[in-house]
Amino acid sequence: MRVGILQSWLGDRYLPFWEAYLRALEVEVVRPQGLEGELPLPLPIRRVVQEALELKGQGVDYLLLPDAQLGVEAKRGSPSLWMVDLEAALAQFVPGLPPVLEVPAELSPELAGLAAQVGQTLSKNPMLARRALERTKRLLEPSYKPPQPLGEGVGIVAQPMLLQGEWLEGLRSALGQKGLRLLRADKPPAELRQEGAHLELGLELPTDLEAAGMHRYLSRLGRVRSLLYVHDPEYLPLPTPLRKLLRRHPPPKPWQVVGLEDDWSKVASGLVPD
């Protein structure tokens with residue numbers, strides 16, 4: 001049995017448990033290797049599609065995919081498919097997508113039951129699944145916290161799926177050339193969602209609430225000297241109520257809304273006072 005796992009798309013939040021659990025099940029865990037090919041997509045989207053294509057090419061039996069919205073469905077509006085249904089979004093670019101095992105993109109002890117089901121599906125051996133879960137269930141405790149450099153800098157607000165990968169390193173490098181640090185909200189996702197809920201914007205999706213929480217938290221953090229709001233209007237937009245809030249009540253510090261395809265050197269230059 002071979003299960004493919006993505007490196008991107010919130011992997012640092014859910015893989016610490018699921019990868020260890022799959023190995024304890026004596027399942028072969030397959031990571032994407034060389035990522036090749038050009039696709040007319042923004043870099044973060046292109047990366048996850050390339051990973052899925054490469055894993056399909058390796059002949060995995062299943063693909064482990066994260067549910068970024070933790071089972072919450074939007075009752076209003078028409079959110080991007082990339083935000084609410086990664087399997088359907090990938091299927092548009094990956095014909096013959098392998099069968100999917102969907103798991104929440106966040107860990108909690110309550111996932112033990114789901115893990116047991118997944119283990120029995122893959123191993124067909126309830127005893128093995130039980131032993132594997134006993135050995136790894138300590139990893140279900142949520143422990144993800146974004147890395148945070150010291151000092152002052154530029155706070156970034158975005159859909160959390162965007163906050164890893166090559167594009168972010170490009171932005172960090174461009175800011176560094178201007179003597180600026182890139183700062184992320186150093187709170188766990190659940191706390192950021194609580195921050196976002198305090199804005200009372202009527203947001204439903206967990207990732208929208210998290211992005212709004214980044215805005216609220218970073219806006220009042222003294223060492224954040226300016227704010228950068230990064231999104232892709234088609235694939236991974238910032239929530240519309242948050243963008244309206246920015247126009248009506250802008251943050252009390254310099255800020256910009258930019259797209260994923262913007263020139264990071266110019267963006268960095270715009271954040272440096274004359």
Side-chain angles (χ1 to χ4, degrees), residues 1-20 22-23 27-69 79-106 118 122 144 146-147 156 158-174 182 184 205 207 210-211 230-238 258-265 267:
M1 183 65 66
R2 309 177 80 234
V3 176
I5 60 173
L6 303 176
Q7 299 294 93
S8 58
W9 220 263
L10 303 176
D12 47 2
R13 297 190 180 188
Y14 69 96
L15 285 180
F17 165 74
W18 286 101
E19 186 170 3
L22 291 173
R23 295 188 190 280
V27 166
E28 181 181 354
V29 176
V30 183
R31 291 171 172 262
Q33 303 299 321
L35 302 178
E36 299 179 355
E38 289 296 321
L39 295 167
L41 297 166
L43 184 56
I45 308 295
R46 188 190 320 155
R47 171 67 182 268
V48 73
V49 172
Q50 287 173 328
E51 288 183 341
L53 283 167
E54 207 271 339
L55 289 168
K56 176 195 170 187
Q58 291 195 54
V60 297
D61 299 295
Y62 288 96
L63 191 60
L64 189 74
L65 292 186
D67 171 16
Q69 307 306 344
S80 163
L81 200 61
W82 291 94
M83 291 180 56
V84 297
D85 193 339
L86 183 57
E87 178 182 1
L90 286 173
Q92 297 176 340
F93 296 91
V94 186
L97 190 72
V100 164
L101 296 169
E102 187 179 64
V103 300
E106 200 165 299
V118 170
L122 294 176
Y144 174 77
I156 183 169
Q159 291 288 349
M161 296 86 88
L162 294 181
L163 295 181
Q164 64 182 117
E166 299 93 333
W167 84 268
L168 193 64
E169 294 309 312
L171 172 58
R172 184 176 282 113
S173 175
L182 183 64
R184 293 172 57 179
L205 296 177
T207 62
E210 190 173 336
V230 184
H231 76 152
D232 185 281
E234 180 179 356
Y235 296 98
L236 290 173
L238 287 166
V258 298
L260 287 171
E261 302 298 304
D262 282 14
D263 184 322
W264 298 128
S265 295
V267 169

message: With a 3.5 Å distance limit and no angle check, can you tell me whether Lys56 reaches the backbone of Leu63 through a side-chain donor-acceptor pair?
response: no

task: Could you check Asp85, Val48, Leu6 and say which one makes a side-chain contact (heavy atoms from CB on, under 4.5 Å) with Leu65?
output: Leu6

message: Using 0.5 Å steps for rounding, measure from the CG atom of Leu162 to the CH2 atom of Trp167.
response: 6.0 Å

- line: Smallest heavy-atom separation, Leu97 atom then Ala91 atom, equals CD2-N, 4.4 Å

message: So which atom in Leu205 and which in Pro79 form the shortest heavy-atom distance, rounded to 0.1 Å?
response: CD1-CB, 4.0 Å

query: Within the distance-only criterion (no hydrogens, no angle test), does the side chain of Gln33 pair as donor or acceptor with the backbone N or O of Arg31 below 3.5 angstrom?
result: yes

Side-chain heavy atoms of Tyr62 within contact of Ile5, under 4.5 Å: no

- prompt: Would you say Arg184's side chain and Leu163's backbone share a donor-acceptor pair under 3.5 angstrom?
  reply: yes

message: So if I apply the side chain to side chain donor-acceptor pair (under 3.5 Å) rule between Ser8 and each of Gln164, Arg47, Glu51, which one comes out positive?
response: Glu51

message: If you compare all heavy atoms of Ala105 against all heavy atoms of Pro66, which two are closest, and at what distance to 0.1 Å?
response: CB-CB, 3.7 Å

query: Got Val94 and Leu53 here, is their nearest side-chain heavy-atom distance under 4.5 Å?
result: yes

message: Quick check for you: to the nearest 0.5 Å, what is the distance between Asp232 atom CG and Glu261 atom CD?
response: 7.0 Å

Donor-acceptor contact present, side-chain Glu210 to main-chain Gln159, <3.5 Å: no

task: Using the side-chain contact (heavy atoms from CB on, under 4.5 Å) rule, take Val49 and Leu90 through it: C-alpha gap first, then chi angles, then the decisive distance, then the call.
output: CA-CA 6 Å; Val49 172; Leu90 286 173; 4.0 Å; yes

- prompt: Under 3.5 Å, is there a donor-acceptor pair between the side chain of Arg2 and the main chain of Gln58?
  reply: yes

message: Using a 3.5 Å distance criterion without hydrogens, assess whether the side chain of Trp264 forms a donor-acceptor pair with backbone atoms of Ser173.
response: no

task: Taking all non-hydrogen atoms of both residues into account, name the closest pair between Leu122 and Met1 and its distance.
output: O-CE, 3.7 Å

- prompt: In Å, rounded to the nearest 0.5 Å, how long is the span from CZ of Arg23 to CH2 of Trp18?
  reply: 15.0 Å

- line: When rounded to the nearest 0.5 Å, the distance separating CG of Leu22 from CZ of Phe17 is 8.0 Å

- request: Determine the minimum heavy-atom distance between Glu54 and Pro32, stating which atoms define it.
  value: OE1-CA, 3.1 Å

field: Evaluation steps, side-chain contact (heavy atoms from CB on, under 4.5 Å), between Tyr14 and Leu64
entry: CA-CA 10 Å; Tyr14 69 96; Leu64 189 74; 4.0 Å; yes

query: In Å, rounded to the nearest 0.5 Å, how long is the span from CE of Met161 to OG1 of Thr207?
result: 4.5 Å

- prompt: Nearest 0.5 Å, what's the CZ-OH distance between Arg46 and Tyr235?
  reply: 10.5 Å

query: Heavy atoms, side chains only, cut-off 4.5 Å: are Leu55 and Pro98 in contact?
result: no

query: So, for Met83 and Leu236, which heavy atoms are closest and what is the spacing to 0.1 Å?
result: CG-CD2, 3.3 Å

message: With no hydrogens and no angle check, just 3.5 Å: does a side-chain donor-acceptor pair link Glu234 and Ser80?
response: no

- prompt: Between Leu43 and Leu260, does a side-chain contact (heavy atoms from CB on, under 4.5 Å) hold up when you go through it step by step?
  reply: CA-CA 8 Å; Leu43 184 56; Leu260 287 171; over 6 Å; no

